[in-house]
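Only one structure is covered here, and it is reproduced in the block below.
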2 protein chains.
Amino acid sequence: MMKKYKPITQKDIADALGLSISTVSRVLNNVYGIGDTTKKLVLDYAKETEYAPNPIALRLKKCRSFSIGVVVPEVASSYFSEVINGIESSAYRKGYHVIVTQTHESTRREMINIQQLVYQSIDGILVSLSSETVDISHFKALKEKGTPLVFFDRVPKDMDVTKIAVNNFQGAFEATEYLIRSGHKKIAHLTSCANLMITDERLNGYKAALSKYYVQFNANYFYCCESHGNVNFEVEKAVIHFMSLRERPEAILTVGDKVSVSCIKALNKFGFKIPHDISLVAFANITEADMFKTPLTTVSQPAFEIGKLAADKLIKQIEDKLACTEFETSILTTSFDRRSSAKLNLIR
Amino acid sequence: MMKKYKPITQKDIADALGLSISTVSRVLNNVYGIGDTTKKLVLDYAKETEYAPNPIALRLKKCRSFSIGVVVPEVASSYFSEVINGIESSAYRKGYHVIVTQTHESTRREMINIQQLVYQSIDGILVSLSSETVDISHFKALKEKGTPLVFFDRVPKDMDVTKIAVNNFQGAFEATEYLIRSGHKKIAHLTSCANLMITDERLNGYKAALSKYYVQFNANYFYCCESHGNVNFEVEKAVIHFMSLRERPEAILTVGDKVSVSCIKALNKFGFKIPHDISLVAFANITEADMFKTPLTTVSQPAFEIGKLAADKLIKQIEDKLACTEFETSILTTSFDRRSSAKLNLIR
DNA sequence: CTGTTAGCGCTTTCAG
DNA sequence: CTGAAAGCGCTAACAG
């Protein structure tokens, strides 16, 4: 039989010292009004026996766990793993533990994870939506129940809640403008996650830049990957589509880590040289972007900062006594890293 | 005041139906011997009200949580994030939740995380040692207490426990042999994590290949990064060291994801061309290896498989009634992906 | 200043 | 077949 480790409890201390459990509890919780003698006695014995409170019992009692749940699509991503580091750095400092769960872009998994976290008496939840998710009623329900909740990056459209995001419109606008100003006119936009608001925002930024320079939006130059499966395959289809167009695009603005990487792979596979045959700018966080065959020009997000801020906001919400009724949206700025994947046809 | 969500309990059901809590419990747990009428009554009501058992209460009661803890150095790593996916895929299928924690290579964090996991009534723990860790008594204590425990990749040297690893010796041997057979004689070895057994094993594989081809081991060609801090900086120092040697090495065998990437960056920074000026083979899992300026030849590990296997072994250990006294070590094989970062000087 | 008691949600004897 | 009661470890009134 598996012997389970049985840590020392308050009862053990009480018995050993001939005190009552409540006295022990009070000492350990440093409650006002205990005799110095007993106090010392208990404290010493506790230290000696390496007493540590049982967090499970605490949770059951207080419905509070000093831990926060994180729900992300995927952990195997430069972006999300950096965000997680940011979350941890802040949470850890404030005495919270972090429980990370992945949805793998599935709404079902998202719901299960949320459900689980709630039942684990988690104090609050940090979410970046799965791409499959359209109906966000499970989050609305959560909010109704009073669970502190903060969204980041992939935030919901119509929900009044604390959100952390970047200036997606602006980021895409700048990238597109850069492409135009360096001489490209036929600029394709390759994206995914049709359901997500960030996808729209970026598309709008792209369109706005186009229209600022009187470039007509061409529906043939827009492709949105389903991505509920093999991204590589979808992206290859997109690349084939673009590159077999009569009016082949001169540049592509890709969105998303995976899509961007897949796009480069597909381009390589079909023998297109970057930027000779086609220019590329990626709205993505790719740590190794400068090591690629053609160092990749990117629009990237301050992932660590986002995580940190999200955790800060969440913990503030958790610790504020009053039910939170004001929800702010924080917008951080993206950074544009010009490398060499976009050809400088003619710089004006 | 923050209103906490109050899920429906067995008591609620009992009250509503005029039954006793124990009857409800029995129905819900499908215990032998309940009237079909009451059974149906309870079941229907439970479904209707979306009753779900409170896992915290279950943990407190049973000291069992159906969740397993994972302790890794870092989540922002292709290798570890893939391992985590493997763990999840297996755990999830068997009804376990996965709690991931990071040590950031700190022994202190490692101990805290372990401690926390244990107190969370975790059913078992999966560990890959932090590089700082030399003393593994905290793990030995864990084992004594009967906590199911499985190590992977960075496994401890002298501890009788279940381990999952790869043939590190063999992997390094093959890489070195490949380098030698493609005409390199002066082969440097750049590594980190001096404390880890895998570091030794790989070093030994490297040395063995050298000696097989009568190449003398040269201590100047070996550099082990401290890595408790800025890896980039350490690696730059190493590169400067190697490249300013009178007898400059013709190739480097790097070990580790971060070190390998940093090495390429440093080489780029100082203007050395790969493989023209120096050849490179990396013992690392780098998903974008084939997209680099010079596609990187690598020895890589089946990360997903490792995670899956580790979780399987752990869950088996958890579910086996008897205390586990036999500990197996599973050795998976690395794969060698020949790309173009090693020059083919003369192939014999 | 300290002890008694009840209860968080659940399982599990022990009675009936 | 079902109910009462104890207990997992802890906190928090309520008494003394």
Side-chain angles (χ1 to χ4, degrees), chain A residues 3-43 45-46 49-66 115-116 118-123, chain B residues 1-43 45-46 49-66 115-116 118-123:
Chain A
K3 73 179 145 151
K4 272 285 176 186
Y5 175 50
K6 196 56 187 45
I8 185 164
T9 72
Q10 291 187 358
K11 183 171 189 315
D12 296 333
I13 301 183
D15 289 352
L17 266 38
L19 293 168
S20 81
I21 301 183
S22 37
T23 305
V24 175
S25 171
R26 273 187 280 250
V27 173
L28 263 13
N29 288 20
N30 206 18
V31 176
Y32 177 77
I34 318 102
D36 282 349
T37 342
T38 12
K39 192 164 180 173
K40 186 163 170 16
L41 199 64
V42 172
L43 250 24
Y45 189 81
T49 54
E50 290 186 316
Y51 166 81
N54 180 329
I56 306 298
L58 285 179
R59 283 197 204 197
L60 184 58
K61 186 76 208 183
K62 302 223 191 162
C63 292
R64 182 104 160 64
S65 61
F66 275 101
Q115 172 71 256
Q116 271 301 324
V118 169
Y119 274 114
Q120 303 291 341
S121 297
I122 226 80
D123 293 345
Chain B
M1 188 58 193
M2 186 104 267
K3 76 180 144 154
K4 272 285 174 188
Y5 175 50
K6 197 54 187 41
I8 184 163
T9 72
Q10 290 187 358
K11 183 170 188 316
D12 296 333
I13 301 184
D15 288 352
L17 266 39
L19 293 168
S20 80
I21 301 182
S22 34
T23 305
V24 174
S25 171
R26 272 187 280 251
V27 173
L28 263 14
N29 289 16
N30 206 19
V31 176
Y32 178 76
I34 317 101
D36 282 349
T37 342
T38 12
K39 192 164 181 173
K40 185 161 169 19
L41 199 64
V42 171
L43 250 25
Y45 190 82
T49 54
E50 290 186 315
Y51 167 81
N54 179 330
I56 306 297
L58 285 180
R59 283 198 204 195
L60 184 58
K61 187 77 207 179
K62 302 221 187 164
C63 291
R64 183 107 159 61
S65 62
F66 276 101
Q115 172 71 256
Q116 272 300 324
V118 169
Y119 273 114
Q120 303 291 341
S121 298
I122 225 80
D123 293 344

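Naming: A, B, ... by sequence-line order, numbering from 1 per chain. The analysis underlying the following values was restricted to heavy atoms, covering all of them including side chains, and did not include hydrogens, waters or symmetry mates.
- The nearest heavy atom of DNA chain C to I21(A) and to D36(A) marks one nucleotide each, and the one closer to the 5' end goes with D36(A).
- Rounded to an integer number of Å, the gap from I8(B) CD1 to dG9(C) P is 11 Å.
- Residue T9(A) is in sugar-phosphate contact alone, with no base atom involved, counting any heavy-atom pair closer than 4.0 Å across all strands shown.
- In this structure, D15(A) places its CG atom 13 Å from C1' of dG9(D), rounding to the nearest Å.
- Distances were taken from every side-chain heavy atom of T23(A) (C-beta onward) to each of dC8(C), dT2(C), dT2(D); the shortest belongs to dT2(C).
- When each of dT11(D), dT11(C), dG3(D) is scored by its nearest atom to the side-chain atoms of Q10(A), the top-ranked nucleotide is dT11(D).
- Side-chain atoms of T23(A) and S20(A) form a donor-acceptor pair, as typed in the model, at a separation below 3.5 Å.
- Of the inter-residue distances, the one linking Q120(A) atom CD with R59(A) atom CZ reads 6.0 Å to the nearest 0.5 angstrom.
- Counting to the nearest Å, the P atom of dC10(C) and the CG atom of L19(B) are 15 Å from each other.
- Proximity note for L60(B) (side chain, C-beta onward) versus dC1(C), dC10(C), dG9(D): the nearest is dG9(D).
- Spacing between atom CG of N30(A) and atom P of dC1(C) amounts to 13 Å, rounded to whole angstrom units.
- Relative to the side chain of S20(A), the nucleotides dG9(C), dT4(C), dG3(D) differ in distance, and dT4(C) lies closest.
- Residue N54(B) places its side chain closer to dC10(C) than to any other of dT2(C), dC10(C), dC10(D).
- Atom CD1 in I56(A) sits about 15 Å away from atom P in dC10(C), given to the nearest Å.
- Residue-to-nucleotide contacts include no donor-acceptor pair under 3.5 Å from the side chain of R59(A) to the base of dG9(D).
- Atom CG in N29(A) sits roughly 17 Å away from atom P in dG9(D) (whole-Å rounding).
- Atom-to-atom, CD of Q120(B) to P of dC8(D) comes out at 20 Å; the value is rounded to the nearest Å.
- Remark: P of dT2(C) and CG of L17(A) are 12 Å apart, rounded to the nearest angstrom.
- Side-chain proximity of K61(B) to dA12(D), dT11(C), dG3(C): nearest is dT11(C).
- At the phosphate of dG9(D), neither OP1 nor OP2 sits under 4.0 Å from any side-chain N or O atom of S25(A).
- A distance-only check finds a donor-acceptor pair linking the side chain of D123(B) to the backbone of F66(B) [under 3.5 Å].
- Taking the charged nitrogens against the carboxylate oxygens, D15(A) and K11(A) do have a contact shorter than 4.0 Å, which makes a salt bridge.
- Between I56(B) and I56(A) there is a side-chain heavy-atom pair separated by less than 4.5 Å.
- The nearest heavy atom of DNA chain D to Y32(B) and to A57(B) marks one nucleotide each, and the one closer to the 5' end goes with Y32(B).
- For dT5(C), the base has no donor-acceptor partner in the side chain of S22(A) [N/O atoms by modelled type, under 3.5 angstrom].
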